[in-house]
Amino acid sequence: MTGSVAPFGDLTYQVVTFGCQMNKHDSERIEGMLEALGARPVGTAAEADIVVFMTCCVREAADVRLYGQVSTLKGEPLRADSPLGRRIVAIGGCIGQRDGRKLAEALPNVNVVFGTHNLRSLPGLLREALDRQEPAVEVLEASDGFPTDLPASREHAWSAWLPIAIGCDNFCSYCIVPYVRGREKSRPFEDIAADAAAYRAEGVKEITLLGQNVNSYGRDLYGKPRFAELLAAVADTGIERLRFATSHPKDITDEVIGAFGTLENLMPALHLPVQSGSDRILTAMNRGYSRERYLSIVGKLRAARPDIALSTDIIVGFPGETEEDFQQTFDLVREVGYHQVFTFIYSKRPGTPAALLDDPTPREVIQERFDRLVDLVQDNAYRANQPDVGTVTDVLFEGPSKRDGSLLAGRSPKNQTVHAPLPAGTAATDFEGVIAPVRIDEAKTWYLRGTLLA
Ligand code: 5AD
Ligand code: SF4
């Protein structure tokens, strides 16, 4: 291979993404860049000349999976008509940032390592790797700007993620994110508003504002958070659906809570990670709020928007968690009645303060608590969906259901999955990106089923 391979006209690529929405969005930018260079996406790593892994290290399981997948790829032959003599493997995202050159040493088939701050370097690094045998590594300590000026290849034309801030300043004691994503850095207000207006003009139906903690948006740039103002400005573009993630309870303001009652296009769904229902554990986690304060926020949200669907994250088995601490988490989950709860077993992350804490709790005890919580979560989700039966709700359709092609699948304002039979004489593609009313006939734990009315 020589440098003349660029641009990547005859090459195929696959981006494999682990982890959060921020990573998924970064992957869209990488796909956009590779496509701009002429490379063609393929569905499997085996068919790909270039494989880019966008990695996550928030829990150990994601770490282990990455090492496994990269090693497996070594035994996978290159496609017969590839113009390259070997497959180029690139690793980016949070493990790239954390491990840098060590990754290429541990995994000999890795050719490129890049971090969370330098997506835009990837094409140059790939060219370098094509030109020589040694791995090309670039990991920066701080961001070289927002990737928002890079081309993006969006999964759905009608739905866009809009990053408003990167990094995190919160240092929850269990969490690796501040170490691999860096300090919080907000994008200028006007740039975000302009992007939102451009998306709206382009026909995008749904914008999701993204940040590790959107509630503190603007603090670094303007000396005070301006998230409520930003929400109003983006809503003012007239975009049909507005959402945001993630929201740290300690920083949510009454203005943001109030926006759920006043902004019609702000969807009635909020992900508000609580992590634990025990004050003792919340303090040990450095979360900056009490159980009581969290519940008062939930009360205010429901006063502003009675039908709001809440979701949360819970960590079970934080070091030193007792049965009583767990019971408080369990009771809080039952009291709030979430639509969706993402449950995680605590995973020790070297370099975080919590990694220094000892925990005598046996693994089986933690697993048993986790299983009890999962049962409650499912029961809650089922109950939370029941009031929708008999109502008519607007659904943003995505296309055919993955399991049954005769059903359309989409999302309700509360972000529930909704299935409806495809009307006779229509194709699922006719409905992609279309918002239409559906009468809900049946509510299950993880989806609603209804009849298209339009
Ligand atoms: N162990 C388990 N779960 C974790 N999370 C973050 N760090 C850890 C960890 N060390 C969870 C939190 C966070 C979600 C994205 O991942 O619940 O909200
Ligand atoms: Fe991690 Fe806490 Fe920042 Fe969320 S707010 S990314 S849990 S440090």
Side-chain angles (χ1 to χ4, degrees), residues 17-26 54-65 93-95 97-98 116 163-186 210-217 219-220 225 227 244-252 270-278 281-289 294 297 310-321 325-326 329 332-333 336 338 340-357 359 361 363 366-367 369-370 373-374 377:
T17 309
F18 296 87
C20 66
Q21 285 170 330
M22 202 57 94
N23 254 13
K24 289 181 187 148
H25 178 70
D26 284 350
M54 283 301 283
T55 62
C56 170
C57 56
V58 80
R59 281 171 296 276
E60 196 184 356
D63 243 87
V64 173
R65 248 170 67 217
C94 294
I95 299 183
Q97 185 71 28
R98 188 193 62 187
T116 54
I164 67 169
I166 51 176
C168 181
D169 289 347
N170 290 307
F171 293 94
C172 299
S173 64
Y174 51 81
C175 186
I176 194 78
V177 168
Y179 307 90
V180 288
R181 288 271 170 185
R183 294 293 65 71
E184 182 171 300
K185 190 170 167 201
S186 301
L210 271 193
Q212 228 66 246
N213 174 16
V214 293
N215 293 318
S216 58
Y217 165 77
R219 195 178 277 155
D220 55 322
F227 185 56
F244 59 86
T246 290
S247 199
H248 195 310
K250 82 175 163 56
D251 292 315
I252 196 165
L270 177 65
H271 186 62
L272 194 65
V274 67
Q275 314 295 0
S276 169
S278 151
I281 298 292
L282 286 171
T283 302
M285 287 177 162
N286 191 31
R287 288 291 289 173
Y289 54 85
Y294 184 90
I297 294 166
L310 297 173
S311 57
T312 201
D313 293 342
I314 304 268
I315 297 177
V316 177
F318 184 83
E321 180 190 78
D325 293 318
F326 173 74
T329 300
L332 180 136
V333 170
V336 175
Y338 293 100
Q340 167 88 284
V341 180
F342 299 91
T343 47
F344 307 105
I345 288 183
Y346 170 75
S347 167
K348 184 190 270 200
R349 301 286 65 205
T352 62
L356 303 173
L357 302 174
D359 188 22
T361 319
R363 181 86 201 172
I366 293 173
Q367 185 66 49
R369 287 180 193 156
F370 182 83
L373 183 63
V374 169
V377 165

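All ligand and atom numbering here is 1-based and tracks the order in the structure. Just so it is clear, the values below take in all heavy atoms, side chains as well, and ignore hydrogens, waters and symmetry mates.
Contact annotation: the side chain of Q212 never approaches that of E184 to less than 4.5 Å [non-hydrogen atoms, C-beta and beyond].
For ligand 2 and Q212, the ligand atoms under 4.0 Å from any heavy atom of the residue are 6 (S). Taking a cut-off of under 4.0 Å to the non-hydrogen atoms of N170, the atoms of ligand 2 that pass are 5 (S). For ligand 2 and C168, the ligand atoms under 4.0 Å from any heavy atom of the residue are 3 (Fe), 5 (S), 6 (S), 8 (S).
Ligand 2 lies out of reach of R181, whose nearest heavy atom is not under 4.0 Å from it.
Counting backbone and side-chain atoms alike, C172 contributes an N/O/S atom closer than 2.8 Å to atom 2 (Fe) of ligand 2.
If you take OH on Y179 and CZ on R98, they are separated by 13.5 Å, rounding to the nearest 0.5 Å. Taking NE2 of H271 as the reference point, atom OG of S247 lies at 9.5 Å (rounded to 0.5 Å).
Contacts of ligand 1 (protein heavy-atom distance under 4.0 Å) are V58, R59, Y174, Q275, D313, I315, F344, I345, Y346, S347, R349.
A salt bridge between D26 and R181 is present, with a side-chain N of the basic residue lying under 4.0 Å from a carboxylate O of the acidic one. Salt bridge annotation for K348-D359: absent, with no cationic side-chain nitrogen under 4.0 angstrom from a carboxylate oxygen.
A donor-acceptor pair is defined here as one N or O able to donate and one able to accept, closer than 3.5 Å; such a pair exists between the side chain of Y289 and the backbone of V274.
A side chain to side chain contact (heavy atoms under 4.5 Å, CB included) with R369 is found for one member of T329, V374, T361 and no other, namely T361.
Not a single protein heavy atom sits closer than 4.0 Å to atom 4 (Fe) of ligand 2.
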